[in-house]
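A quick write-up on the structure given underneath.
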2 protein chains.
Amino acid sequence: MAVKVYKALADPTRRKILQLLRQKEMSAGELADHFESTKPTLSRHFSILREADLIQGNKQGTYIIYRLNVTVLEEAMWGMMDMFNVKPRGENE
Amino acid sequence: MAVKVYKALADPTRRKILQLLRQKEMSAGELADHFESTKPTLSRHFSILREADLIQGNKQGTYIIYRLNVTVLEEAMWGMMDMFNVKPRGENE
DNA sequence: ACTGTATTTAGTTATTTAGCTAAATAACGA
DNA sequence: TCGTTATTTAGCTAAATAACTAAATACAGT
């Protein structure tokens, strides 16, 4: 699992962004409306999530539509489970 | 999943500590031997892991034997999977 | 070309974090 | 009790992080 993913997940705002994007893709501003922080602050969070490859932005006119990289997130989670040798619920002897 | 767990996992040294303890319990010094950092530095990492309840120290004479709280780690992982709605490998439709 | 809207970049500040050395605490053996 | 060993606490510094405001960029519509 990429080192950057752990850092990305360490912040509650970024975790909430991921949860929001889990449901549907959203523009930067639409995402920002869910938080108290300013847009520049949110923008920085987006870039950290982008660097960890957890989200992806797509320019659509003047908007940037962000969507979750589901596969990357899932691989990251499984990788973390493997790393600590944790088995999924119900798969224990 | 407890907020402190994310912070605890964000540091590579602490992740390695958890991996070492997954294999067998170890004293603080024994753990410290696996790293370049000084013992006080490692001690601080232990306390962060203790606060997240991921490890537990047991005084044994002059030693402190640390062991992994397997259940807490597992619950944390599953909680994280749930939070992002990630299903275990092989359980996808 | 000009205006308005969406988003990011730059620059600053305050807080947190991880590292170090030196000192304190705790337990043991002589 | 004294000296030794194991570990933590205290105090400091440097680097990283998250927040803000103001300015820059990018694009659409007129």
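In this text, all values refer to a predicted model and were calculated from it rather than measured experimentally. Throughout, a chain's letter reflects where its sequence line sits, starting with A, and its residues are numbered from 1.
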Check the distance between [N]'s [atom2] and [X]'s [atom1] and give it to me in whole angstrom.
X	N	atom1	atom2	result
A:Lys4	D:dA16	NZ	C1'	14 Å
A:Leu49	D:dA18	CG	P	10 Å
B:Gln60	C:dA26	CD	C1'	15 Å
A:Glu51	D:dA16	CD	P	14 Å

Check: Does anything in residues 11-21 of chain B reach DNA chain C, meaning a heavy atom under 4.0 Å, and if so which residues?
Finding: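 Contacting residues: B:Asp11, B:Arg14.
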Next item on the list: Please name the pair of heavy atoms, one in B:Val5 and one in B:Ala76, separated by the smallest distance, quoted to 0.1 Å.
Entry: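 For B:Val5 versus B:Ala76, the nearest heavy atoms are CG1-CB, 3.9 Å.
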Notebook entry, point to check: Should B:Ile17 and B:Leu54 count as side-chain neighbours, where that means a heavy-atom distance under 4.5 Å?
Noted result: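 Counting from C-beta outward, B:Ile17 and B:Leu54 never come under 4.5 Å.
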Check: When every nucleotide of nucleotides 2-14 of chain C is labelled 5' to 3' by its protein contacts under 4.0 Å (heavy atoms), B for base, S for sugar-phosphate only, - for none, what sequence of letters results?
Finding: ---BSSBB-----
Next item on the list: Share the residues that join A:Ile48 in a hydrophobic cluster, the rule being Ile, Leu, Val, Met, Phe, Trp or Tyr side chains under 4.5 Å apart at the heavy-atom level.
Entry: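 Members besides A:Ile48: none; it forms no cluster.
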Notebook entry, point to check: With A:Glu25, which residues qualify under salt bridge (charged side-chain N to carboxylate O under 4.0 Å, His left out), at least two apart?
Noted result: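 So A:Glu25 forms no salt bridge (charged side-chain N to carboxylate O under 4.0 Å, His left out) with any residue.
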Item checked: All ring pair (Phe, Tyr, Trp, His ring centres under 6.0 Å) counterparts of A:Tyr63, not counting sequence neighbours ->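 With sequence neighbours excluded, A:Tyr63 shows a ring pair (Phe, Tyr, Trp, His ring centres under 6.0 Å) to no residue whatsoever.
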Next item on the list: Using a strict cut-off of less than 4.0 Å between a Lys/Arg side-chain nitrogen and an Asp/Glu carboxylate oxygen, indicate whether B:Arg44 and B:Asp11 qualify as a salt bridge.
Entry: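 Salt bridge flag = no for B:Asp11 with B:Arg44.
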Next item on the list: Say whether, by atom type as modelled, one donor and one acceptor occur between the side chain of B:Arg14 and the main chain of B:His45 under 3.5 angstrom.
Entry: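 Not at all, since once roles are kept as given, no pair shorter than 3.5 Å links the two residues.
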Notebook entry, point to check: Within the structure, does a side-chain N or O atom of B:His45 lie under 4.0 Å from either OP1 or OP2 of C:dT17?
Noted result: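 So the side chain of B:His45 is outside the cut-off, no N or O lying under 4.0 Å from OP1 or OP2 of C:dT17.
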Item checked: Sugar-phosphate only, base, or nothing, as touched by A:Ser37 at under 4.0 Å among non-hydrogen atoms ->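 Sugar-phosphate, backbone atoms only, no base.
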Note to self: Tell me every residue that passes side chain to side chain contact (heavy atoms under 4.5 Å, CB included) with A:Asn58, counting only those two or more places apart in sequence or in another chain.
What the structure shows: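 A:Asn58 satisfies side chain to side chain contact (heavy atoms under 4.5 Å, CB included) with no residue once adjacent residues are dropped.
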